[in-house]
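In this text, all values refer to a predicted model and were calculated from it rather than measured experimentally. Indexing begins at 1, ligand by ligand and atom by atom, following the structure's order.
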Amino acid sequence: MIIEPRTRGFICLTSHPTGCEQNVKDQIAYVQSKGKIEGAKKVLVIGASTGFGLASRITSAFGSDAATIGVFFDKPATEGKPGSPGFYNTAAFEKEATKAGLYAKSINGDAFSNEIKEQVVNLIKQDLGQIDLVIYSLASPVRTHPVSGKRFKSVLKPIGEVFTNKTVDFHTGKVSEISINPAEGDDVANTVTVMGGEDWKMWIDALQAENLLSEGATTVAYSYIGPEVTKPVYRNGTIGAAKDDLEATAFSISEALKSIGGKAYVSVNKALVTQASSAIPVIPLYISLLYKIMKAKGIHEGCIEQIQRLYSERLFGGDVALDEKGRIRVDDWEMREDVQAEIAELWQKATTENLSEIGDLEGYSKEFFKLFGFKVDGVDYDAQVNEVVTIPSIQ
Ligand SMILES: NC(=O)c1ccc[n+]([C@@H]2O[C@H](COP(=O)([O-])OP(=O)(O)OC[C@H]3O[C@@H](n4cnc5c(N)ncnc54)[C@H](O)[C@@H]3O)[C@@H](O)[C@H]2O)c1
């Protein structure tokens with residue numbers, strides 16, 4: 001079939017298998033161009049099909065020749081109906097990994113559930129014995145708790161008071177003001193239950209209980225801080241409370257891993273266009289200004305550049321370099337004083353009329369479509385494509 005983008009707000013309902021495959025190939029080529037990393041050899045990535053998790057899986061496999069198991073929650077294609085991008089990404093990843101002689105298996109299902117944890121435990125026992133590195137990169141709006149069976153929903157709201165600021169509809173370029181009402185009831189607790197550290201700890205406990213983590217095993221989860229302008233809705237908001245919880249969980253996991261000389265880290269990453277971040281009000285305007293400034297300074301990075309740097313210069317680079325709160329920082333270039341000073345200035349000025357000039361709205365929009373395999377250089381979108389793609393290890 002011929003597949004075209006069909007968007008509804010910040011989601012795209014279709015995705016393109018050839019474009020997704022090309023994205024994966026481009027990321028692999030980038031990692032290979034940077035040379036080998038003396039890193040982990042057996043890697044589990046939870047949230048492995050898009051964004052930072054996919055970049056982590058690619059960097060592990062093609063930077064360090066690692067065997068990888070990837071867990072994600074994606075929709076397979078059916079005849080006439082494209083699958084979700086993570087499904088196509090993973091199909092492409094497995095194909096390339098197999099070509100390169102690398103072990104790669106994938107599990108598609110709810111990572112929050114006991115069943116999926118059990119499947120992963122069995123797969124490790126059967127194929128890899130033990131894991132050296134666990135990347136935790138889930139971004140989900142909901143979680144069904146495995147003990148209570150209760151379904152929790154996360155929200156993106158400020159805490160305490162109404163937050164009013166500028167935002168942009170990145171499809172139309174219209175800059176407008178929005179007001180977001182503060183969290184109420186159980187909003188904060190629910191968001192912490194979905195995006196906090198409890199599930200990360202449950203994964204590590206499940207692996208450790210079966211002795212599936214090797215001596216010195218490391219685990220890393222991803223966090224975000226960001227600038228003043230997004231603070232009320234991000235870091236000081238409901239999602240920030242979840243990130244505080246995630247960051248605190250790193251210490252309790254490190255404590256639990258002491259017996260095997262292991263360590264848990266949180267890496268604070270840069271703001272990037274992903275499916276998760278497009279959904280957060282105000283952030284798209286910030287990102288479009290940020291991209292413009294970082295590109296002009298020659299310090300722009302995407303997911304793959306971020307993770308390649310995280311691995312080569314921090315995790316496996318001899319100096320993990322933690323901040324005062326014990327976190328790895330690869331948002332260091334985003335948070336540079338000169339970058340943030342320019343953001344603050346442009347933020348005041350940004351309007352519908354000037355955003356395409358002072359911001360990188362075009363770059364934002366292109367990145368958004370690229371997430372779904374559209375607008376990828378070198379892909380012929382007029383060509384017929386087979387939408388029903390399978391992931392080799394999932395039959
Ligand atoms: N995007 C950013 O700007 C940014 C910046 C810093 C940190 N982070 C953090 O990085 C992490 C990953 O975010 P992302 O932006 O790469 O998100 P993403 O939406 O691109 O990826 C999320 C992944 O989680 C998987 N997933 C979601 N729910 C699942 C479930 N129930 N079971 C199994 N898999 C599930 C998806 O399939 C996908 O592989 C998050 O913790 C996020 O907060 C993001």
Side-chain angles (χ1 to χ4, degrees), residues 10-12 20 23 44-58 69-76 83-90 93 106-117 119-120 135-146 151-152 154 156 191 194-197 199-200 202-203 220-227 230 234-235 238-240 242-247 249 266-280 282-284 286-287 290-291 301-304 306-307 310 327-331 334-335 364 367-368 370-372 391:
F10 51 78
I11 34 181
C12 184
C20 289
N23 280 337
L44 168 64
V45 182
I46 302 154
S49 63
T50 55
F52 285 112
L54 173 66
S56 306
R57 191 174 193 189
I58 290 174
I69 293 176
V71 183
F72 46 83
F73 209 5
D74 276 285
K75 194 165 58 67
S84 55
F87 203 86
Y88 291 140
N89 290 341
T90 304
F93 172 83
S106 306
I107 290 180
N108 186 15
D110 183 5
F112 295 128
S113 69
N114 289 333
E115 293 72 21
I116 291 296
K117 290 186 176 73
Q119 276 186 38
V120 172
I135 299 290
Y136 188 83
S137 186
L138 287 189
S140 173
V142 289
R143 174 180 176 212
T144 301
H145 199 280
R151 190 174 155 89
F152 294 90
S154 70
L156 297 160
T191 306
V194 179
M195 285 296 287
D199 182 63
W200 182 23
M202 282 179 161
W203 269 100
V220 184
Y222 297 139
S223 188
Y224 183 64
I225 297 174
T230 62
Y234 196 94
R235 195 62 209 208
T238 50
I239 183 70
K243 290 302 184 192
D244 287 345
D245 184 73
L246 184 83
E247 291 172 14
T249 305
V266 161
S267 171
V268 181
N269 299 349
K270 168 188 191 249
L272 280 172
V273 181
T274 64
Q275 292 182 57
S277 68
S278 317
I280 310 176
V282 187
I283 299 254
Y286 169 69
I287 291 184
L290 182 73
Y291 273 28
E301 296 174 295
C303 285
I304 198 66
Q306 276 268 288
I307 300 300
L310 167 68
R327 306 169 293 202
I328 299 173
R329 303 294 295 266
V330 286
D331 66 338
E334 168 183 356
M335 300 311 282
Y364 190 106
E367 282 300 309
F368 175 78
K370 265 182 79 177
L371 298 174
F372 303 90
I391 294 175

the protein heavy atom lying closest to atom 5 (C) of ligand 1 turns out to be Lys270 O, 3.1 Å
Min over Tyr224, Tyr286, Phe73 of heavy-atom distance to atom 29 (C) of ligand 1 lands on Phe73
**Asked** Is the shortest heavy-atom distance from the side chain of Phe73 to the side chain of Asn108 under 4.5 Å?
**Response** yes
Looking only at non-hydrogen atoms, the one of Gly53, Ser137, Ala48 nearest atom 23 (C) of ligand 1 is Ser137
Are any of the N/O atoms in Met195 less than 3.5 Å from those in ligand 1? no
Practice problem: State, with a plain yes or no, whether a side-chain heavy atom of Leu371 is found less than 4.5 Å away from one of Val273. | Solution: yes
**Study point:** Flag side-chain contact, heavy atom, 4.5 Å: Glu334 against Val268
**Key:** no
With a 4.0 Å cut-off on heavy atoms, is Ser223 touching ligand 1? yes
Atom 3 (O) of ligand 1 sits nearest the protein heavy atom Leu272 N, 2.8 Å
Note: ligand 1 atoms sitting under 4.0 Å from heavy atoms of Gly51 are 16 (O), 20 (O)
| request: Please tell me if the side chains of Ser278 and Tyr364 come closer than 4.5 Å, counting only heavy atoms from C-beta onward. | output: yes
Verify whether one side chain among Ser277 and Tyr224 offers a donor that lies under 3.5 Å from an acceptor in the other. no
Atom 25 (C) of ligand 1 has as its nearest protein heavy atom Gly47 CA, 3.8 Å
Under 4.0 Å from one or more heavy atoms of Ala271, ligand 1 contributes atoms 3 (O)
Exercise for the section: Ignoring angles and geometry beyond distance, decide whether Asn269 reaches within less than 3.5 Å of ligand 1 through its nitrogen or oxygen atoms. Expected result: no
Note: ligand 1 atoms sitting under 4.0 Å from heavy atoms of Ser140 are 28 (N)
Paired with Ser223, the side-chain hydrogen bond (donor to acceptor under 3.5 Å, both in side chains) test is passed by just one of Glu247, Lys243, Arg329, namely Glu247
Next item on the list: Determine the interplanar angle of the Trp200 and Tyr136 rings, folded into 0 to 90°, and report it as parallel if under 30°, tilted if 30 to 60°, perpendicular if over 60°.
Entry: parallel
Under 4.0 Å from one or more heavy atoms of Phe112, ligand 1 contributes atoms 31 (N)
Nearest heavy-atom contact between Arg57 and Ala48 is CD-CB, 4.1 Å
Ligand 1 atoms nearer than 4.0 angstrom to some heavy atom of Asp110 are 30 (C), 31 (N), 32 (N)
Closest to atom 26 (N) of ligand 1 among protein heavy atoms sits Leu138 CD2, 3.7 Å
Per-atom filter on ligand 1: closer than 4.0 angstrom to a heavy atom of Ser49 are 36 (C), 37 (O), 38 (C), 39 (O)
- Query: Quick one: are Phe72 and Asn89 in side-chain contact, heavy atoms under 4.5 Å?
  - Reply: no
For atom 41 (O) of ligand 1, the closest protein heavy atom turns out to be Lys243 NZ, 2.9 Å
I'd like to know if Arg235 pairs up with Asp244 as an ion pair, taking the criterion as any Lys NZ or Arg NE/NH1/NH2 lying under 4.0 Å from an Asp or Glu carboxylate oxygen. yes
The closest protein heavy-atom partner of atom 20 (O) of ligand 1 is Thr50 OG1, 2.9 Å
min-distance protein heavy atom vs atom 14 (P) of ligand 1 -> Thr274 OG1, 3.9 Å
Under 4.0 Å from one or more heavy atoms of Ser277, ligand 1 contributes atoms 1 (N), 3 (O)
Any Ile116 side-chain heavy atom under 4.5 Å of Val71 side chain
yes
Item to check | Polar atom proximity, Ala111 to ligand 1 (N or O, under 3.5 Å) | outcome: yes
Quick check: does Gly109 get an N/O under 3.5 Å from an N/O on ligand 1? yes
For Asp74, the atoms of ligand 1 under 4.0 Å from one of its heavy atoms are 37 (O)
### Task
Check whether any N or O atom of Phe52, backbone or side chain, sits under 3.5 Å from an N or O atom of ligand 1, and answer yes or no.
yes
Discussion item. Do Ile135 and Tyr222 have side chains that approach each other closer than 4.5 Å (heavy atoms only, starting at C-beta)?
Written reply: yes
For atom 13 (O) of ligand 1, the closest protein heavy atom turns out to be Ala139 CB, 3.7 Å
Taken in chain and number order and not counting sequence neighbours, the residues that satisfy ring pair (Phe, Tyr, Trp, His ring centres under 6.0 Å) with Phe368 are Phe170, His171, Phe372
Any side-chain heavy-atom pair of Pro227 and Tyr286 under 4.5 Å: yes
